[in-house]
Amino acid sequence: MTVLNTADKAHRETAAMDKKRLEYYKKKLQTKREELARSIARTEEEGRSADDDPTVDLADKAANSYTKEFLFGQNNTDRTTLQQIDDALSRIRTNTFGTCMNCETELQQKRLEAVPWASHCTTCQEKHEQGLL
């Protein structure tokens with residue numbers, strides 16, 4: 001009976017640590033999500049203001065067009081990251097955060113620290129980027 005109590009206690013301590021860690025990543029993801037949402041709104045506003053500029057000079061039009069394309073690309077990247085963050089927050093809710101979506105191994109702490117919205121381990125991410133997944 002004492003062995004079971006010790007095992008239960010160890011399990012509860014591990015679960016509590018995991019819960020703390022999940023809360024840490026949840027806050028980190030929510031902060032990044034808010035930053036990206038503000039960045040997207042600001043970028044959209046800058047793109048609209050580039051349209052409002054009544055230019056006549058061909059070079060100015062080209063510069064404005066380049067700026068709009070650059071802002072659109074940046075906005076697209078931010079939106080993709082925002083979606084990945086939303087997916088990671090969903091994985092936290094469903095208790096699947098921190099494991100590779102492909103091979104189901106636990107993601108390395110360093111990887112989650114650098115990219116908390118990561119959904120694949122480094123091996124599977126490389127395969128995904130090469131189109132093998």
Expected list for residues 111-118: side-chain donor-acceptor pairs under 3.5 angstrom, two or more places apart:
residue	atom	partner	partner atom	Å
R111	NE	H120	O	2.8
R111	NH2	H120	O	3.1
E113	OE1	Y24	OH	3.4
E113	OE2	Y24	OH	2.6
E113	OE2	K28	NZ	2.8
W117	NE1	Q84	OE1	3.4

Under 3.5 Å, sequence neighbours excluded: what are the donor-acceptor pairs made by side chains of residues 94-108?
residue	atom	partner	partner atom	Å
T94	OG1	S90	O	3.2
T94	OG1	R91	O	3.3
T94	OG1	T96	OG1	3.1
T99	OG1	T96	O	2.9

Which side-chain N or O atoms in residues 125-133 pair as donor and acceptor under 3.5 Å with protein atoms at least two apart or in another chain?
residue	atom	partner	partner atom	Å
Q125	NE2	E129	OE2	3.2

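Rounding to the nearest 0.5 angstrom, the gap separating the CD atom in Q83 from the CD1 atom in I85 is 10.0 Å. With values rounded to the nearest 0.5 angstrom, L82 atom CG is found 6.0 Å from L36 atom CG. The line from OG1 of T43 to CG of N76 is 11.0 Å long, rounded to the nearest 0.5 Å. Taken from CD in E45 to CD1 in I40, the straight-line distance is 14.5 Å, to the nearest 0.5 Å.
For S39, the side chain to side chain donor-acceptor pair (under 3.5 Å) partners at least two apart in sequence or on another chain are D78. Judged as a side chain to side chain donor-acceptor pair (under 3.5 Å), and not counting sequence neighbours, the contacts of R79 are E44. For D87, there are no salt bridge (charged side-chain N to carboxylate O under 4.0 Å, His left out) partners at least two apart in sequence or on another chain.
Applying the salt bridge (charged side-chain N to carboxylate O under 4.0 Å, His left out) test to pairs two or more places apart or on separate chains, those with a residue in residues 29-43 are R33-D86.
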